[in-house]
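Accompanying notes for the structure given below.
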Amino acid sequence: MEYNHREIEAFWQKYWEDHGTYKVSNVSDRPKYYVLDMFPYPSGAGLHVGHPLGYIASDIFSRYKRLKGFNVLHPMGYDAFGLPAEQYAIQTGQHPAVTTEQNINRYRSQLKKIGFCYDWSRELRTCDPKYYKWTQWAFIQMYNHYYDLDAKKARPIADLIAEFEQNGNTKINAAHSDVPEFPAAVWNGMEDSERNSVIDAYRLAYRAKTMVNWCPKLGTVLANDEVKDGVSERGGYPVVQKPMEQWLLRVSAYAERLLEGLETIDWTDSLKDMQRNWIGRSEGCEMYFEVADSDVKLKIFTTRADTVHGVTFMVLAPESDYVRQVTTPECRDAVDAYVAGAAKRTELERMSDTHSVTGQFTGAYAINPFTGDQIPIWVSDYVLAGYGTGAIMAVPAHDSRDYAFAKKFNLPIIPLIEGADVSQQSYDAKEGIMMNSGIFNGLDVLTAKKKAIDEVERMGIGNRKVNYRLRDAIFSRQRYWGEPFPVYYKDGHAEMLPLDKLPLTLPEIDSYLPTEDGEPPLSRAAGWQTADGCRYETSTMPGFAGSSAYYLRYMDPDNDEALVSKQADEYWQDVDLYVGGTEHAVGHLIYSRFWNKFLYDLGYVCKDEPFRRLVNQGMIQGRSNFVYRIKDTNTFVSAGLKSQYDTTELHVDVNIVKNDILDIDAFRAWRPEYNNAEFILEDGKYVCGYGIEKMSKSMYNVVNPDNVVEDYGADTLRLFEMFLGPLQQSKPWDTSNIEGVSRFLKKFWRLFFNGKDGALNVSDDEPTESELRTLHKTLKKVEDDILTLNYNTAVSAMMIAVNDLTSAKCNKRKVLEPLTIALAPFAPHITEELWKQLGHDTTICDAQFPQVIEKYTVDDTKCYPVAFNGKTKFTLDLPAGLDKDGIEKAVRDNERFQKTVDGKTIVKVIIVPGKMVNFVIK
RNA sequence: GCCCGGAUGGCGGAAUUGGUAGACGCGCAGGACUUAAAAUCCUGUUGUCAGCAAUGACAGUACCGGUUCGAUGCCGGUUUCGGGCACCA
């Protein structure tokens, strides 16, 4: 019987579907295991071979866990809202729901061909109203809660109101936006509208003005990656920073818990570092600088209170409200011009550009609280409005950015640390002995820092504060294809829809563009208002809204009463293994942790952290092929000869190139202009050049998994993707290497079918010691590698085993059957077929992973490398258990030892039993 | 600019914790089988030098330096490629 991947894979995919092999129940005696993939955005281009990499990895893990007796939840769905579908709708008029549906169907059929063990009955998509009902529900919950910093959890707004009635806001320690202090009496005397605006400042979902990339010509807000060099990518129109009223989520309230939670989860250190950096905790103090001849006080945050004596000027962010408040009439025009100029640059440009120093004097002076000196207040775009308070105290002697600014504008630089030479550059190190610092002189920096904050607090001009870089998440998008907010406006105040009115579904509109006057697309919808005429919110939610709690929904996808039932949540608890790309290291993974913690506070979920173990898969890069056209001709020269001509390098479709040899007929047929192309060949072949680039349509290097499955089979594709290299690393795709794993599967198959006419020929004889060694060493390696997700070496180990068993002509059931089970997670179709051929009538998924017998995995001899001065000269087989002295004696007795030493003196002997031997000789 | 990750033969990569660098696979070269091809199998394959050969010497894990009996792995510095930087998802 020949190995026919097409028949076998079609048969078993149908079998799995007919028998519900991968359907998972929420009720089971077996322990649970939850393996999750980051769900894809279903783009119009379909899957390329890079997408399934992580899915295959998690699929192998899921299948392995099932073989080990776990009840495994392994679902798939679609992150279905997003910009590309909307852009396509703008261009073609097609409703995004229609194209999204088509794309999803394509994705599903592509995924099904690869033989994943997904429970497809749990498939979900974020654009389904039954799904986004719960996204809207969560938003309403956030609106109805505030964060109690003492209790370290979210609490209902009703509790807050009760507190206000008792004590005003003087005692409460809660996360909030700027709001003045008031006692209970003032609260109790407030109008409803005043109360509303106070409460709104405490809600976890709230409204505030934030900066957006506004493109007046397109009448729309642009994403950062739609802006290039200050103009829109589409059309090249100018883009400015403009404040806009938006919904925000108070993620910053959870900063400390998001940080602490990292200690409890099994993620890589680099990923945790990125999250820590994103959260950006810094301890320091918040303090006020008075402005001369004004009531304005500048609030600043500093981690270096010890350097206040060296503050020689202040700098405001161009967007800061302070700019308007302090600028003197004489300077107004210049400042306005500067602010307008800064508005043209994105935040990223401003952060990246540390070379050009720009700024403008406001005409106003602040008073240094320690020295009493008057210091000028400047505006500069190196201060960002979004971080801290949008104003800084500048210490040019000890901060490099302040230093560059002071040099440029001739501002004084006062060194505060003994021995610090600040004639060429600032002294940024946080160590040394203080000078020029009044009462802090002679102290070391650390002590001075503490004492300075004490002094600030004593003077009543500020207090200790922990600051976070983590900003509240802007939750509004001026787009159509997203979740509508369950919000309407009554008398100018935002109100939530009652829960029984959810979901609020997306309305139909006649065009997906913003309106003439720059309103979001939803404002085009007729009747976009409540029954009593209050208009609904017209912006929609961002991409991360739908992806923040989807892992919970998979647990209980059809529940209309709750996001997830108590029973389902308590059974599945959390994601045991989460596999996805490193591009989500901060965005998605911060927001969903926040979302989960919030739901945890409210008692809807039982785990504080959603993703126990997380692994990032690397990217698969494209391997592009090039042809070389001689300039001004239609003649192409082979890569080896191109240096003899003046050529243009052109991309050629990798699908008409094999092993870098161009299929000339296919090339001529590829495009009309190449019909009559001429070729200069080497050895009768046209050799293409190659390069590693991103896999993308425009590089003609996209490889579609459907073609690979058709030609080689899903099992080969799965093995090959894993064999490419370490899961976490990015690596190029080169289809020609696939032959190796393809041959491996055929060879494995032949171990069973080596009888007459290829009939099944498996013997029931007892295996030899050596065969058992091969088997158990392989099982051990494969199992270890699966647990660490080192699948590339697991595949190698199985190749070695098959090579060994082929040489030994081993066809024994007691060896082949366990090996088949070990291969099953990697290559599910072929192993199902072999399992059946071996006489089993149930799926191999319900087999048990074979038990490793340790005694067959350890060798009784060790091949010792014998090195002299660290260089291995020869090797020696010795009994594995031999001790140091025994090893040394055996080595010294060896003739090659005498030959190598050859009269030289032995200075030192290093023997590590089980490892190596090294002699230092002179 | 800031944060994170990577760099090993012609190519993808391997190398428990600092202990034989190049497993496994591709490609290539030679051979067997075949009328021939495909498929399959066998042998060789880091470089340089020496040798008819078995083999031996030297160099070698991006670059420069350090620690160590011993470094692909640790430390300091550099180059370069990739990811992220808050409205792509």
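Computed over heavy atoms, backbone and side chain alike; hydrogens, waters and symmetry mates excluded.
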### Message
Applying a 4.0 Å non-hydrogen cut-off, can you work out what F723(A) is touching in the nucleic acid: base, sugar-phosphate, or nothing?
### Response
base
### Message
As a quick check of understanding, evaluate side-chain contact (heavy atoms from CB on, under 4.5 Å) for F39(A) and Y55(A), giving each step before the final call.
### Response
CA-CA 9 Å; F39(A) 62 171; Y55(A) 306 155; over 6 Å; no
### Query
Expressed as a whole number of Å, how far does the P atom of C42(B) sit from that of C24(B)?
12 Å
#### Entry: Base C88(B) to side chain E583(A), donor-acceptor N/O within 3.5 Å cut-off
no
### Query
Considering only the C1' atoms, how many Å lie between G70(B) and C81(B), rounded to the nearest integer?
31 Å
#### Entry: Short side-chain to backbone donor-acceptor contact, K731(A) and Q729(A), under 3.5 Å
yes
### Message
Between M916(A) and T872(A), is there a side-chain heavy-atom distance shorter than 4.5 Å?
### Response
no
#### Entry: Option among R207(A), Q478(A), K209(A) that satisfies the side chain to side chain donor-acceptor pair (under 3.5 Å) test with Q246(A)
Q478(A)
#### Entry: M916(A) CE to A21(B) P, straight-line distance once rounded to whole Å
10 Å
### Message
Classify V212(A) by what it touches in the nucleic acid, base, sugar-phosphate, or nothing, heavy-atom distance under 4.0 Å.
### Response
base
### Message
Under 4.0 Å, counting only non-hydrogen atoms across every strand here, what does S796(A) touch: a base, just sugar-phosphate, or nothing?
### Response
base
### Query
Could you give the NE2-to-C1' distance, from H588(A) to C87(B), as a whole number of Å?
18 Å
### Query
When the nearest nucleotide of RNA chain B is assigned to N790(A) and to V912(A) on a heavy-atom basis, which residue is associated with the more 5' position?
N790(A)
## Note on the structure
Checking G19(B), A89(B), U20(B) against the side chain of C863(A) (C-beta onward), the nearest is U20(B)
### Task
Syn or anti for G44(B), please, going by whether the chi angle lies within 90° of 0.
anti
### Task
Report the distance from atom OG1 of T540(A) to atom CZ of R477(A), rounding to the nearest 0.5 Å.
8.5 Å
### Task
Flag the pair D784(A) and K781(A) as a salt bridge only when some basic side-chain nitrogen lies within less than 4.0 angstrom of an acidic carboxylate oxygen.
no
#### Entry: Closest nucleotide among G5(B), C69(B), A89(B) to the Y41(A) side chain
A89(B)
### Query
Considering only side-chain heavy atoms of T582(A), which listed nucleotide, A86(B), G83(B), A14(B), is closest?
G83(B)
#### Entry: Check: G870(A) main-chain N/O paired with N918(A) side-chain donor or acceptor under 3.5 Å
yes
### Summary
N803(A) has its side chain closest, among C24(B), G83(B), U40(B), to C24(B)
### Query
For the pair made of NZ in K731(A) and P in G82(B), what is the distance, rounded to whole Å?
17 Å
### Message
Roughly how many Å apart are C75(B) and C26(B), using the C1' atom of each and rounding to a whole number?
### Response
37 Å
## Note on the structure
From CD of Q728(A) across to P of G83(B) the rounded distance in Å is 18 Å
### Query
If you check the M799(A) side chain, which of C24(B), G5(B), A59(B) turns out closest?
C24(B)
### Task
Quick one: label Y864(A) by what it contacts on the DNA or RNA (base, sugar-phosphate, nothing), any heavy atom closer than 4.0 Å.
nothing
### Query
What does D79(A) touch in the nucleic acid at a heavy-atom separation under 4.0 angstrom: a base, only the sugar-phosphate, or nothing?
sugar-phosphate
#### Entry: Pairing partner of G5(B) (Watson-Crick or G-U wobble, both distances under 3.5 Å)
C81(B)
### Residue matched to G10(B) through Watson-Crick or wobble contacts both under 3.5 angstrom
C26(B)
### Query
According to the Watson-Crick and G-U wobble definitions, with both distances under 3.5 Å, which nucleotide is paired to C87(B)?
none
### Task
Provide the distance between the two C1' atoms, one in C69(B) and one in G83(B), to the nearest whole Å.
41 Å
### Query
Does N224(A) make a side-chain N or O approach to OP1 or OP2 of A86(B) shorter than 4.0 Å?
yes
### Query
At under 4.0 Å between heavy atoms, what does T875(A) touch on the DNA or RNA strands: base, sugar-phosphate, or nothing?
base
### G70(B) phosphate, OP1 or OP2, under 4.0 Å from N869(A) side-chain N/O
no
### Query
Are OP1 or OP2 of A38(B) and a side-chain N or O of K746(A) less than 4.0 angstrom apart?
no
### Query
Which is true for S547(A) with a 4.0 Å heavy-atom rule: it touches a base, it touches only sugar-phosphate, or it touches nothing?
nothing
### Query
Paired with C49(B): which nucleotide, if any, by Watson-Crick or G-U wobble criteria at under 3.5 Å for both distances?
G56(B)
### Query
Is any side-chain N or O of R750(A) closer than 4.0 Å to OP1 or OP2 of C41(B)?
yes
### Query
Does the side chain of R471(A) get closer than 4.0 angstrom to OP1 or OP2 of A86(B) through an N or O atom?
no
### Query
So does N277(A) reach the base of C3(B) with its side chain, donor to acceptor, closer than 3.5 Å?
no
### Query
Where the side chain of L83(A) is defined as all heavy atoms beyond and including C-beta, which of A89(B), A7(B), C69(B) is the nearest nucleotide?
A89(B)
### Query
Looking across every strand, which nucleic acid part, if any, lies under 4.0 Å from P40(A) by heavy atom: base, sugar-phosphate, or nothing?
nothing
## Note on the structure
Assert: residue with more 5' nearest nucleotide on RNA chain B, out of V741(A) and G587(A), is V741(A)
### Task
Enter the distance from M798(A):CE to F744(A):CZ here, rounded to the nearest 0.5 Å.
5.5 Å
### Query
With a cut-off of under 6.0 Å to the ring centre and 45° to the axis, is R593(A) in cation-pi contact with W278(A)?
no
### Query
Does G19(B) have a Watson-Crick or wobble partner in any strand here, with both distances under 3.5 angstrom, and which is it?
C69(B)
### Query
Starting at CG of D37(A) and ending at P of A89(B), how long is that distance when rounded to a whole Å?
20 Å
#### Entry: OP1 or OP2 of G83(B) under 4.0 Å from side-chain N/O of K694(A)
yes
### Task
Assign R743(A) to base, sugar-phosphate, or nothing according to its heavy-atom contacts below 4.0 angstrom with the strands shown.
sugar-phosphate
### Task
With heavy atoms under 4.0 Å as the rule, sort I738(A) into base, sugar-phosphate or nothing.
nothing
### Message
What is the separation between atom CZ on R469(A) and atom C1' on C85(B), rounded to the nearest whole Å?
### Response
7 Å
#### Entry: Separation between the P atoms of G66(B) and A14(B), rounded to whole Å
30 Å
### Query
When we call it a touch if two heavy atoms are under 4.0 Å apart, what does W733(A) touch: a base, just sugar-phosphate, or nothing?
nothing
### Gap separating the CG atom of L83(A) from the CD atom of E226(A), nearest 0.5 angstrom
5.5 Å
### Query
How is Q246(A) classified with respect to the nucleic acid when contacts are heavy atoms under 4.0 Å: base, sugar-phosphate, or nothing?
base
### Query
G6(B) C1' sits how many Å from M619(A) CE, rounded?
13 Å
### Query
R623(A) near the nucleic acid: base, sugar-phosphate alone, or nothing, with a heavy-atom cut-off under 4.0 Å?
nothing
### Query
Which of the following nucleotides, G25(B), C69(B), G84(B), is nearest to the side chain of N737(A)?
G25(B)
### Message
What is the distance, to the nearest angstrom, from the CZ atom on F874(A) to the C1' atom on U55(B)?
### Response
16 Å
### Task
Please work out if D784(A) contacts a base, only the sugar-phosphate, or nothing of the nucleic acid, heavy-atom cut-off 4.0 Å.
nothing
